[in-house]
Amino acid sequence: MRAAIFNGAGKPITIERVPDPVPGRDELLIEIGRCGICGSDVSMTSGSPFDYAVGRCFGHEFAGTIVGKGRDTPGWNVGDAVACMPKSGCGHCEACIEGRPLFCPTGKGVSEAFAEYLSVPASVAIRLPEGFSMSDGALVEPMACGLRALGSADMRGGERVLVLGAGSMALAVVWWARRLGAASIVVASRSAHRRDTCLAFGADALHAFDEDDPAELARALGGAPHIVVECIGKDGALGLALEHVRLGGTVVSMGMCTQPQPIIPAVLAFKEARLTFPLAYSPEEYARTAREFDQSGFRPDIMVSDVLPLEQVGDAIASIRGGVRTLKIHIDPRIAP
Ligand SMILES: [Zn+2]
Ligand SMILES: [Zn+2]
């Protein structure tokens with residue numbers, strides 16, 4: 001099969017012929033239908049200390065169709081459409097017992113979906129509800145991160161929510177904030193061209209960034225925000241979020257900034273605000289994401305701006321890094337190059 005291989009920062013991502021995966025006893029063989037390019041795929045191929053291992057395939061936002069299975073996979077059938085979490089846990093360490101297998105230190109990563117096929121433990125798969133496209137399925141993963149973000153802020157409903165940035169993480173947060181009963185949701189972004197998409201996901205308004213005027217954003221929200229979710233990840237964004245948050249509020253860092261950020265603890269202390277750093281969802285949050293798309297009739301694939309063949313993974317990542325305006329890029333390995 002064909003698979004995209006990371007060869008180290010600054011080198012081209014190449015498409016290699018590698019052996020077809022063979023499913024183990026408890027595994028499903030998935031033909032990849034869609035795999036999304038995540039912001040982390042850009043930052044983790046950039047020469048940072050967090051880069052992917054050289055010589056391996058990557059890609060973790062995926063959905064596909066079962067085309068083979070091991071003996072111990074009851075309940076699964078060839079032909080089922082599935083979405084998959086990118087890691088399975090060992091089942092008995094502290095992280096797994098606490099319901100957070102994505103943090104399992106010995107778990108098996110299955111994030112190599114920029115390829116035609118991938119074998120995954122059946123435990124990471126969920127069946128896609130009727131009517132879901134492959135692209136909806138591949139968005140369950142990033143959309144579940146939005147649920148986790150607001151969970152980390154103990155959102156109960158009735159909060160004013162400010163979202164900094166208008167990329168796919170921001171849209172996930174907006175959708176869940178609406179679903180969880182936010183009183184008001186404002187997106188602050190330089191990308192005013194994403195206004196319609198933000199509103200379609202449930203935002204009340206999109207404001208062009210005005211770093212100097214938290215009061216203007218507070219007016220749009222009906223008061224200072226209880227929750228500020230930072231989805232930019234660039235220098236200064238976290239500090240900006242701290243300025244905006246209200247007394248007793250929560251700043252959620254979702255931008256995955258890999259650079260040191262100066263924070264003045266007193267700014268937080270004067271408001272008794274707190275700061276959270278969510279990374280990933282639990283299996284329940286992942287399944288709930290697909291279930292609530294199904295119940296609400298919402299189809300997240302309106303955020304997909306481009307669908308490209310496998311051969312263009314490297315160029316697409318380079319163009320995102322270069323600042324080209326795309327929203328969510330999906331790779332479909334079934335498209336001929
Ligand atoms: Zn991701
Ligand atoms: Zn474990």
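Order of appearance sets the numbers: ligands from 1, and atoms from 1 within every ligand. We're numbering straight along the sequence, starting at 1.
Excluding waters, the count of protein N/O/S atoms less than 2.8 Å from the Zn ion (ligand 2) comes to 4.
Arg219 is linked by a side-chain contact (heavy atoms from CB on, under 4.5 Å) to Asp213, Ala215, Glu216, counting only residues two or more places apart in sequence or in another chain. Under the rule for a side-chain contact (heavy atoms from CB on, under 4.5 Å), the partners of Pro101 that lie at least two apart in sequence or sit in another chain are Cys96, Pro283. By the side-chain hydrogen bond (donor to acceptor under 3.5 Å, both in side chains) test, Tyr281 is found to be paired with Glu141, residues two or more places apart in sequence or in another chain being considered.
Centred on the Zn ion (ligand 1), the angle running from His60 (NE2) to Cys38 (SG) is recorded as 110°, rounding to 10°.
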task = Mind running side-chain contact (heavy atoms from CB on, under 4.5 Å) on Val229 and Leu150 for me, showing each step along the way?
result = CA-CA 8 Å; Val229 190; Leu150 295 170; 4.2 Å; yes
inquiry  = Could you walk me through whether Lys69 and Glu27 satisfy the salt bridge (charged side-chain N to carboxylate O under 4.0 Å, His left out) test, starting with their C-alpha distance in whole Å, then the side-chain angles of each, then the deciding distance to 0.1 Å, before giving a yes or no?
reply    = CA-CA 6 Å; Lys69 62 191 213 100; Glu27 291 190 330; over 6 Å; no
Chi angles and distances behind the ring-ring contact (aromatic ring centres under 6.0 Å, His included) call for Phe114, Phe62 = CA-CA 9 Å; Phe114 290 132; Phe62 63 102; 9.5 Å; no
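Under 2.8 Å from the Zn ion (ligand 1) lies no N/O/S atom of Cys145, from backbone or side chain alike.
Side-chain contact between Phe293 and Pro129 is absent, with no heavy atoms from C-beta onward closer than 4.5 Å.
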